[in-house]
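The structure appears right after this line, and notes come after that.
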2 protein chains.
Amino acid sequence: MDIIKELGEIALGSRLKRLSDRFMQDVSKIYKSQKISFEPRWFALTNYLYNYGGSSILDLASSIGFSHPAVVQFVNQMEKEKLVEEFDDGNDRRKRMVRLTEKGKSLFESLQPLLKEIEDSVKEIIQATGYDLLHVIESVENALDEKDIYNRTLKRTKQRHMDAVEILRYSPVLKEQFKRLNYEWLKKYFKVEKEDEKILSDPEKEIIDKGGEVFFARLENEIVGTCAAIKINDDTYELAKMAVTEKAQGRQIGKKLALAVIGFAYSKKASKVTLETNRRLQAAVNLYESLGFKSVPMDKESKYERTTFKMKLEL
Amino acid sequence: MDIIKELGEIALGSRLKRLSDRFMQDVSKIYKSQKISFEPRWFALTNYLYNYGGSSILDLASSIGFSHPAVVQFVNQMEKEKLVEEFDDGNDRRKRMVRLTEKGKSLFESLQPLLKEIEDSVKEIIQATGYDLLHVIESVENALDEKDIYNRTLKRTKQRHMDAVEILRYSPVLKEQFKRLNYEWLKKYFKVEKEDEKILSDPEKEIIDKGGEVFFARLENEIVGTCAAIKINDDTYELAKMAVTEKAQGRQIGKKLALAVIGFAYSKKASKVTLETNRRLQAAVNLYESLGFKSVPMDKESKYERTTFKMKLEL
DNA sequence: ACCATTTACGTAAGCACTTACGTAATATAT
DNA sequence: ATATATTACGTAAGTGCTTACGTAAATGGT
């Protein structure tokens, strides 16, 4: 029973590694059986030097796709075998220019028939599968170039996290949570101002009764975030008092709360949502921008010291 | 410019490695971004323990395809995190049985949604290529199982070596080579006997004039092997005095020389070829067997001390 | 029952790289 | 012109395995 095979897509990396090892080990075995004093890992380097002539260490590294310490190692080893030699760049004394010696060139040339045979063997294998393997690989590489596994997965994970968050409307039992969550982040980044104390101590009077709403985010039976929609006038609501607890951050909770506020404003037939924030809160500003908020000039002094600018969203 | 891609089939191993690394690194990055205290390399082990329960170190190693020291490492690391625990086998005190702890189980379970998302991302990639990648890989694996790159290449290389060897018939200028090559190997494995001296010193009188022939193998303008067809009677020729110089061994020269002798006997309308050899010369005996020679009882004492048995080929 | 062989596991060393970091030479900005 | 940044390279240390080897426990043949 082949576990890696059984696991399917989830172990694709391991399966490809196993396949790659099989190819590379076989090639190594071929060299050994032919008693050729040439290490397979030198191949890319030698091939490059043979076709493109002398190069510096870093040029070689980036050309053949190894780190430069690896190239230093290869060059040192091959120098011992007198397959490569150094020469001066002439301009830049930091550079260690490397080229093949005559011995190196002729060894590489003598390798050609064997390489051709390896190539033919690989082609034979590929032909036997009936697929154009190189083209398949290229397609996979292209798909990954377009968007890698990391980003594809992250997108799905974010969606899951958003789905897991429940948004609740205000109820008296949640009053203390509103205060706790806001105090938590205010103390961390700024300080609790007079206006904060007023609103956070009595949201019913300060927000709800004036036609606004307070939303809460619940994740696995815990209240992890909150946000208020404060009515400015029939046409405008302010998004304010957003706070998400530390350990739940990065789970799209802010986004969901903001969307709740926007939805609330929309249901009240308002035409815009405003907010005040601070440049320091980069993550928050990014979120607002992703939702369509634009910076607007400060029309009048804010009630809060921490405010550095305003944003607006047209509905 | 992508050198690995340019190289095509010859760098297929490296290309697959690069692709595999890309998958595996992305997965590792995903775990890290989710701040999960779980190493991707533990996955196979954990998955096995979760599905199949407690196992010993060696069982785990063979099941998940790592070496046992690797499993020891994983288990020690996971034990530190209290993800696995040990228990006694009861019968065998050498065994260190391992199973997941409750913490390990629940961590693995909590990982499932993420794994599903990774799997879906991989599936998405594969779908985008339009190929059934897993099936393509399986086809390649099957082709390799049938005959690996090493053996496919070796077959081609042997053919090339055979093609590169020229077989020459006796001419007086080659007389010394016949002696030199035979002395070389006689001294290495046995000793030069009276009968050897007689034949090697005057092949014209001892072989050619009696209706036999001496063949030589020339490789890149160097005589690297020799072999004689000694006429026993009209019906029988003896394959004898085969010698291939050390550094040219493994290049199918013996085979080609033997075929020359067999061909010579055939052209003389003989019905069998015999030879005398020694069990110690395993490579030579294998060659003779591959050509169809069978062991036969010694009908009479050999002229050579080194002979331990005879072989015969019916034409 | 006894000794040789095999098995299970741990440890050490090796491998083929990588990342991290330090130093000297060169390029760039003021 | 001089300070600062950047680049080229070497070295050290780390990584994620492997192979090689040693020891203790179990097994098997006589």
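Naming convention: chains lettered A, B, ... in sequence-line order (proteins, then strands); numbering from 1 in each chain.
- Between A/Lys17 and A/Asn76, the one whose closest nucleotide on DNA chain D sits nearer the 5' end is A/Asn76.
- One finds a salt bridge joining A/Lys123 and A/Glu119 here, because a Lys/Arg side-chain nitrogen approaches an Asp/Glu carboxylate oxygen to under 4.0 Å.
- Candidate nucleotides D/dA25, D/dT18, C/dC17 were compared by shortest atom distance to the side chain of B/Phe66, and D/dT18 ranks first.
- Using a 4.0 Å cut-off between charged side-chain N and carboxylate O, B/Glu141 and A/Arg18 make a salt bridge.
- Each of A/Asp92 and B/Arg96 has a nearest nucleotide on DNA chain C; the 5'-most of these lies closest to B/Arg96.
- Between the side chain of A/Arg94 and the base of D/dA8, no donor-acceptor pair under 3.5 Å is found.
- Residue A/Ser67 has a polar side-chain atom (N or O) positioned under 4.0 Å from OP1 or OP2 of C/dT18.
- Atom-to-atom, CD of A/Gln25 to C1' of D/dC17 comes out at 12 Å; the value is rounded to the nearest Å.
- Taking atom CD on B/Gln73 and atom P on D/dT19, their separation rounds to 14 Å, with Å as the unit.
- Following rounding to the nearest Å, B/Ile57 (CD1) and D/dA24 (C1') show an atom-to-atom distance of 16 Å.
- Taking atom CE of A/Met24 as the reference point, atom P of D/dT18 lies 15 Å away to the nearest angstrom.
- Side chains of B/Glu39 and B/Tyr31: no donor on one and acceptor on the other come within 3.5 Å.
- Between D/dT18, C/dT18, C/dT26, one nucleotide has an atom nearer to the side chain of A/Ala70 than all others, and that is C/dT18.
- OP1 or OP2 of C/dT26 lies within a sub-4.0 Å distance of a side-chain N or O belonging to A/Arg93.
- The B/Lys95 side chain lies nearest to C/dA8 when the options are D/dT18, C/dA8, C/dC17.
- We find that CD1 of A/Ile64 is positioned 13 Å from C1' of C/dA16, with the value rounded to whole Å.
- The side chain of B/Pro69 has D/dT18 as its nearest neighbour among C/dC9, D/dA8, D/dT18.
- C/dA27 atom C1' lies 13 Å from atom CG of A/Asn91, rounded to whole Å.
- In this structure, the NE2 atom of B/His68 is 11 Å from the C1' atom of D/dG22, given to the nearest Å.
- A straight line from CG of B/Asp21 to P of C/dA16 spans 16 Å, rounded to a whole angstrom.
- Note on A/Asp26 versus A/Arg22: no salt bridge recorded, every NZ/NE/NH1/NH2 to OD/OE distance being 4.0 Å or above.
- Looking at A/Lys155 and B/Glu124, no side-chain N of the basic residue comes within less than 4.0 Å of a carboxylate O on the acidic one, giving no salt bridge.
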